[in-house]
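Numbered from 1 within each chain, the chains take letters A, B, ... in sequence-line order.
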Number of protein chains: 2
Amino acid sequence: MNKPVAVDPADVRPYHHGDLRRALILAAERILEREGPQALSLRAVAREAGVSPAAPYHHFKDKSDLLNAIAEAGFEALGEAIKGAVAADTEAKMHTMGVAYVKFARENPALYRVMYDCSRAQDGMPDKTHGEGGGFHLVEQAMIRAGIDPSNQVDLKLWCISAWCSAHGVAEMVGFAQFKPMIDELGGEDRFIEELMSRVCHSPSSDL
Amino acid sequence: MNKPVAVDPADVRPYHHGDLRRALILAAERILEREGPQALSLRAVAREAGVSPAAPYHHFKDKSDLLNAIAEAGFEALGEAIKGAVAADTEAKMHTMGVAYVKFARENPALYRVMYDCSRAQDGMPDKTHGEGGGFHLVEQAMIRAGIDPSNQVDLKLWCISAWCSAHGVAEMVGFAQFKPMIDELGGEDRFIEELMSRVCHSPSSDL
DNA sequence: AAGTTAATCTTGACACCGTTCAAATAGCGG
DNA sequence: CCGCTATTTGAACGGTGTCAAGATTAACTT
């Protein structure tokens with residue numbers, strides 16, 4: 001008899017058919033990138049993972065349960081993107097973080113869609129987003145650096161939320177094709193994002 | 001034989017089955033308010049209008065075509081809401097308009113959802129929104145009143161877009177249940193909206 | 001006024017979706 | 001080796017968007 005051949009642990013399918021849960025999430029992300037959010041059906045994910053339509057139900061309660069897993073990973077990636085931008089900017093300004101946020105959304109539009117569709121269906125963004133390494137936490141620190149008094153917790157949180165809202169709004173709308181003329185006039189979407197972000201981060205007068 | 005009985009003209013179904021197109025839109029809006037956006041299927045709309053599942057296809061190319069009609073009406077109503085708020089505020093500040101915007105979104109969550117789902121699938125918001133009486137036009141005027149130089153068209157538009165983005169972001173996120181503790185601490189969602197809006201309209205320092 | 005045309009609506013079908021459930025299968029502990 | 005449990009399948013149900021073909025009715029033409 002052959003003893004089990006020594007295989008790369010990455011190739012091992014430890015269970016029945018492998019580590020589905022993970023495989024399903026990966027398959028879903030693949031579909032998301034390739035065909036967009038409206039093509040992301042449970043059956044399509046199962047198909048992509050090479051498994052029957054009912055199989056996912058042993059790893060996810062629901063379709064929305066799968067979506068939530070994807071969304072959570074998305075928010076984590078978003079946090080990483082922001083962190084990366086902060087690390088590259090010695091001043092670690094809100095503006096920098098905002099631009100990183102919007103660019104992440106633009107580079108992963110389908111994922112970003114799932115992230116906020118889930119947030120709306122759930123109670124909001126995943127808890128981890130507000131935790132130690134999460135994106136929201138980074139915003140808090142930047143706000144404090146920008147001069148917001150951290151002893152007034154409510155005020156600080158309000159500033160963070162309002163900033164996050166603005167970034168989200170920009171992220172959802174930069175893609176509107178109706179802005180294309182303006183984008184061309186400015187010389188590219190990156191410039192457009194910069195211009196919007198600097199206005200969001202700094203109002204021209206106090207009586208707006 | 002009976003001649004047709006004299007009927008109230010309101011009961012008359014002038015066409016085959018009545019003025020469908022309009023009836024379908026109304027039925028859809030009814031479903032939207034009653035059961036939310038995920039219950040809005042073409043078949044359900046047809047059912048609500050008392051008509052066969054295929055009937056809508058003679059008035060709308062698609063399901064999305066119906067949705068677009070609803071979205072367009074929604075953006076018009078949003079413009080009216082903003083206009084109303086401006087009329088009631090002698091100073092006609094951006095802050096006032098922003099609050100009106102967000103409150104409209106919160107009072108018509110399902111409609112608001114359809115509005116932006118369509119905008120994303122289309123090229124953006126309906127053209128009428130930017131026209132003479134549209135909501136975007138009102139923002140432009142308010143921006144000019146707030147001191148933005150109207151001779152720099154690009155700059156003016158950028159200010160308007162950034163403001164609209166912020167309002168949209170707030171509108172989408174105030175509903176997150178995870179903010180409930182903070183809302184309670186502030187004494188209600190209205191107050192929460194005010195606080196966010198004033199921060200969005202007025203940054204604390206220029207180096208945010 | 002009658003007959004033709006064109007618009008409107010229905011019926012029935014197709015493919016796909018989310019979800020469930022009983023049966024089959026495979027790995028695991030004894 | 002046997003049974004146990006987790007995993008997967010297959011088939012089914014009700015629902016969806018969409019389309020083609022036929023029936024019905026309004027409108028137009030002469």
Side-chain angles (χ1 to χ4, degrees), chain A residues 1-5 7 9 11-28 31-32 34-71 110 114 117-118 121, chain B residues 1-4 7 9 11-28 31-32 34-71 110 113-114 117-118 121:
Chain A
M1 302 286 190
N2 296 346
K3 276 215 182 133
V5 189
V7 286
D11 289 0
V12 125
R13 313 275 204 104
Y15 264 97
H16 217 178
H17 210 140
D19 178 4
L20 248 191
R21 195 163 205 284
R22 189 174 311 272
L24 288 169
I25 294 181
L26 293 179
I31 292 179
L32 222 43
R34 195 198 317 137
E35 314 174 51
Q38 73 284 11
L40 190 70
S41 66
L42 243 200
R43 290 177 111 105
V45 173
R47 223 176 292 137
E48 171 86 18
V51 94
S52 90
Y57 283 89
H58 293 261
H59 303 268
F60 300 96
K61 177 180 141 303
D62 254 338
K63 178 183 184 181
S64 73
D65 197 25
L66 205 197
L67 279 270
N68 279 327
I70 297 168
V114 172
D117 282 352
C118 286
Chain B
M1 297 298 167
N2 296 347
K3 274 200 169 152
V7 286
D11 289 1
V12 124
R13 316 276 203 105
Y15 261 95
H16 220 174
H17 211 134
D19 177 4
L20 250 190
R21 197 163 204 285
R22 187 175 312 271
L24 287 170
I25 295 181
L26 294 179
I31 293 178
L32 221 44
R34 196 199 315 141
E35 314 174 51
Q38 74 283 12
L40 191 70
S41 66
L42 243 200
R43 291 177 111 105
V45 173
R47 224 176 292 136
E48 171 87 17
V51 94
S52 90
Y57 283 88
H58 294 261
H59 304 270
F60 299 97
K61 177 179 141 302
D62 254 339
K63 178 183 183 181
S64 74
D65 198 24
L66 205 199
L67 279 269
N68 279 325
I70 297 169
R113 186 97 312 277
V114 171
D117 283 352
C118 286

Between D62(B) and H58(B), which residue's closest nucleotide on DNA chain D lies nearer the 5′ terminus? D62(B)
Nearest-angstrom distance from the residue atom [atom1] of [X] to [atom2] of [N]:
{"X": "L20(B)", "N": "dT25(D)", "atom1": "CG", "atom2": "P", "answer": "15 Å"}
{"X": "D19(A)", "N": "dT7(D)", "atom1": "CG", "atom2": "C1'", "answer": "13 Å"}
{"X": "E48(A)", "N": "dC17(C)", "atom1": "CD", "atom2": "C1'", "answer": "17 Å"}
{"X": "R47(B)", "N": "dT11(C)", "atom1": "CZ", "atom2": "C1'", "answer": "16 Å"}
{"X": "D65(B)", "N": "dT18(D)", "atom1": "CG", "atom2": "P", "answer": "10 Å"}
{"X": "K63(B)", "N": "dC19(D)", "atom1": "NZ", "atom2": "C1'", "answer": "17 Å"}
{"X": "F60(B)", "N": "dT18(D)", "atom1": "CZ", "atom2": "C1'", "answer": "16 Å"}
{"X": "L66(A)", "N": "dC17(C)", "atom1": "CG", "atom2": "C1'", "answer": "15 Å"}

Minimum heavy-atom distance between [X] and [Y], given as atom pair plus value:
{"X": "P53(A)", "Y": "A46(A)", "result": "CA-CB, 4.0 Å"}
{"X": "H59(A)", "Y": "L20(A)", "result": "NE2-CB, 3.5 Å"}
{"X": "I25(A)", "Y": "A69(A)", "result": "CD1-CB, 3.8 Å"}
{"X": "F60(B)", "Y": "D65(B)", "result": "CA-OD2, 3.5 Å"}
{"X": "A110(B)", "Y": "G36(B)", "result": "CB-CA, 4.3 Å"}
{"X": "P37(B)", "Y": "L32(B)", "result": "CA-CD1, 3.7 Å"}

Of all the choices, [options], which nucleotide is nearest to the side chain of [X] once you look at every atom?
{"X": "S52(B)", "options": "dT10(C), dA13(C), dT20(C)", "answer": "dT10(C)"}
{"X": "L42(B)", "options": "dC9(C), dG17(D), dC17(C)", "answer": "dG17(D)"}
{"X": "R43(A)", "options": "dT10(C), dC17(C), dT9(D)", "answer": "dC17(C)"}
{"X": "A54(A)", "options": "dC21(C), dC17(C), dA20(D)", "answer": "dC21(C)"}
{"X": "Y57(A)", "options": "dT18(D), dG18(C), dT10(C)", "answer": "dG18(C)"}

Residues in side-chain contact (heavy atoms from CB on, under 4.5 Å) with A44(A), at least two apart? I31(A), S41(A), R47(A)
With sugar-phosphate meaning primed atoms plus P, OP1 and OP2, does R21(A) contact a base, only sugar-phosphate, or nothing at under 4.0 Å between heavy atoms? nothing
Return no unless some side-chain N or O of H59(A) is found under 4.0 Å from OP1 or OP2 of dA6(D). no
If a pair means Watson-Crick or G-U wobble with both distances below 3.5 Å, what does DNA chain C look like in dot-bracket form, with | marking bases paired to a different strand? ||||||||||||||||||||||||||||||
